[in-house]
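These figures come from a predicted structure and were not determined experimentally. Numbered from 1 within each chain, the chains take letters A, B, ... in sequence-line order.
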Protein chains: 2
Amino acid sequence: MVAKKDSTEYKILEAAKNVFVAKGMEGARMQEIADEAGINKALLHYYFRSKERLFEAIFSEIIKYAFPKLTKVLHSDSDITSKIEQFVDAYLNILIKHPFIPGFVMKELNRDPSGLFKLVTKFGIDPQPVFKNIKEAMDKGEIVQMDPRHLAINIISMCVFPFAVRPILSFVVFKDDKQALENFYAERAEVIKKFVINAIVVNNEENE
Amino acid sequence: MVAKKDSTEYKILEAAKNVFVAKGMEGARMQEIADEAGINKALLHYYFRSKERLFEAIFSEIIKYAFPKLTKVLHSDSDITSKIEQFVDAYLNILIKHPFIPGFVMKELNRDPSGLFKLVTKFGIDPQPVFKNIKEAMDKGEIVQMDPRHLAINIISMCVFPFAVRPILSFVVFKDDKQALENFYAERAEVIKKFVINAIVVNNEENE
DNA sequence: AAAAAATTTAACCTGATGGTTAAATATTAT
DNA sequence: ATAATATTTAACCATCAGGTTAAATTTTTT
C-alpha cells in the first residue's frame, strides 16, 4: 500500500531513497535519513522496524518501477529487430530519467546479491522465452546465428554499463562537462540500435 | 616497493585484498583482516597507519595491474580492427583471470569516485589519442562513421559488464551452473570481436 | 655483548551507530 | 467527554569499530 504524500511514512521513503542511493546501504546513517525527513530517528524504527527493512522497501520499489517497462516490450508480437529496438528505447528511456539506478543496483548486487535474487524470483523474471524467440529468428535466417544469451547480454551491457560508470566516464572522457555527457547519453539509444542491427542483420546494405 | 613473500606486510596485503574484495571498503572489518592474516590488529595500523590507506594500497595495486596491459595494445602500429581485437583479447584475458575486478572497482567507484580519479590522473590515462586513431580509420572508410566515444564505450561495456553482474547473471541465466558460466565467459572474446567487426566494418561479406 | 631499532602484543579508548523505551501528545473511536 | 490507539519525542543503551599505547620480545646494528 502506497504512503500518502506528505505523510511521515512518505517523507521517510523519499529521504531514505536519497541517502541510500548516495551512500549505499552500509554508508547510509539512520540519523542522516531522519534529518533529511525532518523527523525523530525513533520513527524510522516505528514505521520500518530496522535499517535493513527500510532499505528493502526502497530497493524493491526501484526494481518494481523498472522491470515491468522492460519485460513488457519483450512480450509483443513484433519481429525480432523491432523488439530489440523497442527494448533499447525503453531501457534508455528509464536510464536517462533515472541515471542513478545502475550504479546503485550494481553496488548492492555485489554487496548482497540475495536481495536482488529474491526480487527476481518474486517478479517471475525468466529470460528463457526471450532466448527461444531470438533462436527462432536466427533459425529463420532473420539474424545471424549466435548464442542468444551473448546477444542479450551484449545489448544490455551497452545500455546499462555507461550509466553504471557515470563518474569515471564523466571524468575521463567528458572532463566533467555535464551537457556533453547528457548529449552522449541521449544519443545512446540510436547508436546501440544501429550498432546491434549492423552486427546481426544479414546483408544489411539498405541501411548503410 | 614490494613486500617479501611470507613477511607480515605481505600477509596483511593478501588478507586485506580478500576481505576488501568480498566486503568492500565499508563492509570490511579490521579485525577480520587481522584474523585472516593471522596477526594482531594493531599491526594493521603499524604497517599501514589506517584502514583507508590499507584500502588504497590494495585498490591501486589492482588498477596498476590491469591498466598497462590494456593501454599497451592500443599503442601498437596495427590497423584499427586488429587493435580492437587485441584489446578485446587482452581485456577478456585479464577479466577471466580476475573476474572479481569489475564488481569490486565499480562498487568502489560509486562509493567514492575520487580514488579512481586520482589513479587515472596518476597513470596519465587519456583516451583522446585512441579516439583520434579511431576517427582517422573512419575518415579513411575502414570502418563506419560514428562517434569514436560510442564505439569505445560499446566495446568496453560488452567486455566488462558481464563480469560486473556475475552474481545475477549466474542466478538468472545460468541457474548457478558454474561450468556453463565459465564457458560463457570463455566465449566472450570471440563473440565480442565478431559482433563489433560485423557492426563497424563496411561490406564485410568475406567473413560471413 | 650491548644498544638500538623493529616488531608484536594485550588491553584499552573514544566516538559512532542501530536500536529501545517510557512518557507525552495527537488523533480517532466509542 | 472519555477511552483507546497512533504518533512522536528526548534520552538512553549496548555493541561495534577504527585507532592508540605502553611494554615485551625479537631482530638488527654497532
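- Rounded to an integer number of Å, the gap from NZ of A/Lys41 to P of C/dT20 is 10 Å.
- A/Lys83 places a side-chain N or O within 3.5 Å of a backbone atom of A/Leu74 that can act as its donor or acceptor partner.
- A search for ring pair (Phe, Tyr, Trp, His ring centres under 6.0 Å) contacts involving B/Tyr47 returns nothing, not counting sequence neighbours.
- Put simply, CD on A/Glu26 is 11 Å from P on C/dG18, counting in whole angstrom units.
- Between B/Asp177 and B/Lys175, none of the side-chain N atoms (NZ, or NE/NH1/NH2) sits under 4.0 Å from a carboxylate O, so this pair counts as no salt bridge.
- Atom OH in A/Tyr46 sits about 11 Å away from atom C1' in C/dT27, given to the nearest Å.
- To the nearest angstrom, C1' of C/dT17 lies 12 Å from CE of A/Met25.
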Mind listing the side-chain donor-acceptor pairs of residues 155-170 of chain A below 3.5 Å, one per line with the distance, residues two or more places apart or on another chain?
| unit_1 | atom_1 | unit_2 | atom_2 | d |
| --- | --- | --- | --- | --- |
| A/Ser157 | OG | A/Ile153 | O | 2.5 |
| A/Arg166 | NH2 | A/Glu182 | OE2 | 2.8 |
| A/Ser170 | OG | A/Asp176 | OD1 | 3.1 |

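- The side-chain tip of A/Arg29 does not point at the ring of A/Phe20 from less than 6.0 angstrom away and within 45° of straight on.
- Here C/dC13 presents its C1' atom at 13 Å from NE2 of B/His45, a figure rounded to the nearest Å.
- If you take NZ of B/Lys11 and P of C/dT7, they are 14 Å apart, rounded to a whole angstrom.
- With a 6.0 Å cutoff to the six-membered ring centre and a 45° limit on the axis angle, A/Lys69 counts as a cation-pi contact of A/Tyr65.
- With a heavy-atom cut-off of 4.0 Å to chain A, the contacted part of DNA chain D has its first and last nucleotide at D/dA6 to D/dA10.
- The distance from atom CG of A/Asp35 to atom P of C/dG18 is 12 Å, rounded to the nearest whole Å.
- Counting to the nearest Å, the C1' atom of C/dG19 and the OH atom of A/Tyr47 are 18 Å from each other.
- B/Ala28 comes within contact range of the sugar-phosphate backbone alone, with a heavy-atom separation under 4.0 Å but no base atom that close.
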